[in-house]
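Below is one structure; the comments refer to it alone.
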Amino acid sequence: MENLFGDTFDLDGEEAEVAVFADVILPVPIPKMFTYRIPRSLEKAIGIGYRVIVQFGRKKVLTGIIGKVHQKPPQAYEAKPILEILDEQPVVNPLQIKFWSWMAEYYCCHIGEVMNAALPSGLKLNSESKIQLNPEFDQQTSSFPIDEREQVILDALTQKDELAYEDCGKLLGLKSAHRIIKSLVLKEAILVYEQVREKYSPKVENFIRLKEPYASSKAELEKLFNTISKKPKQEEVLLKYLQEIPVFQNSTKNENGLNKKVFSEAGCSTSSLKTLVKNEVLEEFKVIKSRFEQIPSKDLEIELAPFQKEGLEKIKNQFESKQTVLLHGITGSGKTEIYIELIKEVLESGSQVLLLLPEIALTTQIVARLQKVFGSKMGIFHSKYSDNERVEVWQGVLSGRFSFVVGVRSSIFLPFDSLGLVIIDEEHEPSFKQFDPAPRFQARDAAIMLAWLHQAKTLLGTATPSFESYYNAKNQKYGYVPLNKRFGEAQLPEFVMADILADKKKNLLKLDFTRILREKIQEALNQQEQVLIFQNRRGYAPFTSCDECGWIPECEQCDVSLTYHQYSKEMRCHYCGFKDKVPQSCVACGSNKISTIGMGTERIEESLSLLFPEARVGRMDLDTTRSKYAYQKILEDFGAGNLDILVGTQMITKGLDFDKVTVVGIVDADRILHFPDFRSGERAFQQITQVAGRAGRRNRRGSVIIQSRRPDHFVFDQVFKGDYANFYLTEMSERQRFFYPPFVKNIKVTIKHKESQIAQKAANHLANLIKDIQVKKIVLGPEKSLIGKIKNQYLFDLLIKLDKTGNVPALFKLELRRCLEELNFQKDFKSVRIVVDVDPY
DNA sequence: AGCACGCCGACT
DNA sequence: GTCGGCGTGCTC
């Protein structure tokens, strides 16, 4: 109750009659939180970050997260109650809610979408609509007639207590049983309800132990052996147990028991085991096991080279005044050792550490190395992890089991509460940017924000900084620490340009390989050394075409040709997932001369086998590393010397240290260079430098052979000299002249509709609305998207180049939201979908 | 997004 | 009539 001054006061010493409300974040793309009423019974046990179950809409039940607790009743509607609280402790902390809100605002999406990306789906609950018989219902006395199909449902419900909504349709052979169910509900014959199920299930293993009195009395045990001596199978089981668990030496050993699978592995009879359990000699019990092994940490002393020590000190110095530091260390300069030292120090101070790695680097040596140092306090967050594994990492961070996490892009969402340091390794990697779905965030930038929220430091490490980061370092926004020496005085490789066109003219180009590259490979093979061949993935998608007329199978719903998937032997659309059989004859001319051309790497692999029949050639790309451990296996093979040549995409450039690699070849550098994108120069520099870094580490000088049609391009020269700074300056003047990032902020808006005309009109209209926003900017387009149609939706793009100064971007985004609302308000454009991508790639 | 509701054409 | 296809509007 409120008095005149707005104060609350107690009635008879009881608690004030003020209802408590919660703003709940729900996984729906609606730009707000939803206010629910907290029932009295739950008031004490609720706060920010708890998962709750609420009803949303007519019937659907959803998991949400409490974003705010307050006492302001909503004006326009009656708040529904929270149905249930799922947790004893919050699974999300207030800092995370702040982080989510920031992300939604910055990347122009909804907080529900952020939550969707942040929570492992094992923590999200789904509800399923079910029906059951209404206990009040009696068909005899009911005044409603039940028709034939309704009877089918009712009969089914006498067999089973409940039926899933979807199954009712199947039962009747209908697409949807909606009408029937509705009618039955109206007749009060059935009840509809929502069933929620927890998705996460802990890993449970069965254990066996000896029961009393045998466990504590030798005499009893001897008696037992006498009685079962005629049953050799049972005796064997018992002996196996006693052999593994010396019961009388240590009674706790028996308490903990023996994993049941030990018996089956030892070939003991499982039925005898069962009998012993039944006869109460042994007992079976369940133990919840972590999905992650316990690994002891060895406090390995790592001796830093003097230049690394110096680098470390510089980083720490710069952290005094700067939140973020860019560590620009050439390949082989030993950034990992520096990370380890820093991580150790921060962990000792009691704070948490997050190390972000690009996806493809996560399966490599660096992780194994870190694990040796940090053991079980290090959590790994993988993109190939199952749902259950993700939930366990999440809970591990929550419980404090993991104070240090190494992970991919999405690990910025883990429930850290006291980060002290965030490291982003390979900071320049474009894979830190999420394209689809929303939130379309750049994990590096988001991590810097996250660190700021924690008042933590951020270290960006790379051999080839992104221009954005280097620019920030130059402008004193970030600290900057260069590391120019290679560990162990390893030499820079020798660079050789191979002119594709010149060789072609002289007929020296064989199966895409120039003479010089072939010679270098042969040399290496003769010396028992290894070779890496790099092929860019872009532009080498596998496809199928007709040899007679050139027909290429295309997706019916999208503007792209179908790609050939070797492992499943089918044609697939990358954009909508459409699948088709590999065509046996040409649809256009009927010819049966259809050929399928695989990935670029596949072709290169074949060519190499033909050119060097004695060499053992391996391949590593998306196709060959689809399974969880395939990646490691190929690398192990190569590392052990079971392969002479390894062909691969980007993957082979990540964190590999193979001493025996002396030759690195880039088959087609032009594909990297001439990509229609303002970042293509930057990318080319980065990729070539990274690939080159794999050549000749320790004591041998390696060679890097680059094949190109334009060997005189200035990028190559700059890469050879390792002259990043100069290359940066050249490119940056271009970017400044043509208004590219980092001089402006790019925002891409994509307009989608299933009718080309409407999409175009809407795009034009939106462009005009945006042009009217009163900030400094350039609006380009609308233009048909690179891929004009996806999933039967026509796409048009707008690109906004925005002044970055002050609060212009924030202001603009606010106005942009208004424009989008205004557009969708017009009745012609009601079903137009719009996607906003801030800082697109 | 997901789901209901309502309107409409097609087919028994 | 009844099925199922879509467009539209709403969700605390």
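In what follows, every heavy atom counts, from backbone to side chain, and hydrogens, waters and symmetry copies are set aside. Letters A, B, ... are given to chains in the order of the sequence lines, protein chains preceding strands, and every chain is numbered from 1.
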Could you state the [atom1]-[atom2] distance from [X] to [N], rounded to the nearest angstrom?
X         : N       : atom1 : atom2 : value
Ile111(A) : dC12(C) : CD1   : P     : 18 Å
Ile38(A)  : dC12(C) : CD1   : P     : 16 Å
Ile25(A)  : dC12(C) : CD1   : C1'   : 14 Å

Can we say [X] and [Y] salt-bridge, meaning some charged N sits less than 4.0 Å from an Asp/Glu carboxylate O?
X         : Y         : value
Arg818(A) : Glu821(A) : no
Glu570(A) : Arg572(A) : yes
Asp839(A) : Arg444(A) : no
Arg440(A) : Asp837(A) : no

Practice task
For Tyr193(A), enumerate each residue passing the side-chain hydrogen bond (donor to acceptor under 3.5 Å, both in side chains) test, keeping only those at least two apart in sequence or located in another chain.
Solution key: Glu162(A)

Completion exercise
By ring pair (Phe, Tyr, Trp, His ring centres under 6.0 Å), Phe56(A) pairs with (sequence neighbours left out) Phe34(A)

Handout entry: All ring pair (Phe, Tyr, Trp, His ring centres under 6.0 Å) counterparts of Tyr106(A), not counting sequence neighbours
Key = Trp102(A)

Exercise for the section: State yes or no: are the ring centers of His178(A) and Tyr165(A) separated by less than 6.0 Å? Expected result: yes

Fill in the blank from the handout: Closest to the 5' end of DNA chain B, once Tyr165(A) and Arg833(A) are matched to their nearest nucleotides, is Arg833(A)

Exercise for the section: Walk along DNA chain B from 5' to 3' and tell me the first and last nucleotide with an atom closer than 4.0 Å to a non-hydrogen atom of chain A. Expected result: dA1(B) to dC5(B)

Practice task
Taking all non-hydrogen atoms of both residues into account, name the closest pair between Ile25(A) and Met115(A) and its distance.
Solution key: O-SD, 3.6 Å

Problem - Test: Lys830(A) cationic atom under 6.0 Å from Phe825(A) six-membered ring centre, within 45° of axis - result: yes

Exercise for the section: Test Phe441(A) against every option in Phe432(A), Trp100(A), Phe413(A), Phe99(A) by the ring-ring contact (aromatic ring centres under 6.0 Å, His included) rule and name the one that passes. Expected result: Phe413(A)

Check nucleotides 9-11 of chain C against the protein and report each pair of N or O atoms closer than 3.5 Å, with its distance, or say if there are none.
{"from": "dT11(C)", "atom 1": "O3'", "to": "Gly57(A)", "atom 2": "N", "distance (Å)": "3.1"}

Exercise for the section: With heavy atoms under 4.0 Å as the rule, sort Pro74(A) into base, sugar-phosphate or nothing. Expected result: nothing

Please enumerate all protein N or O atoms sitting under 3.5 Å from an N or O of nucleotides 3-6 of chain C, with distances to 0.1 Å.
{"from": "dC3(C)", "atom 1": "OP1", "to": "Arg149(A)", "atom 2": "NH1", "distance (Å)": "2.2"}
{"from": "dC3(C)", "atom 1": "OP1", "to": "Arg149(A)", "atom 2": "NH2", "distance (Å)": "2.9"}
{"from": "dG4(C)", "atom 1": "OP1", "to": "Lys175(A)", "atom 2": "N", "distance (Å)": "3.3"}
{"from": "dG4(C)", "atom 1": "N7", "to": "Arg179(A)", "atom 2": "NH2", "distance (Å)": "2.8"}
{"from": "dG5(C)", "atom 1": "OP1", "to": "Lys175(A)", "atom 2": "NZ", "distance (Å)": "3.4"}

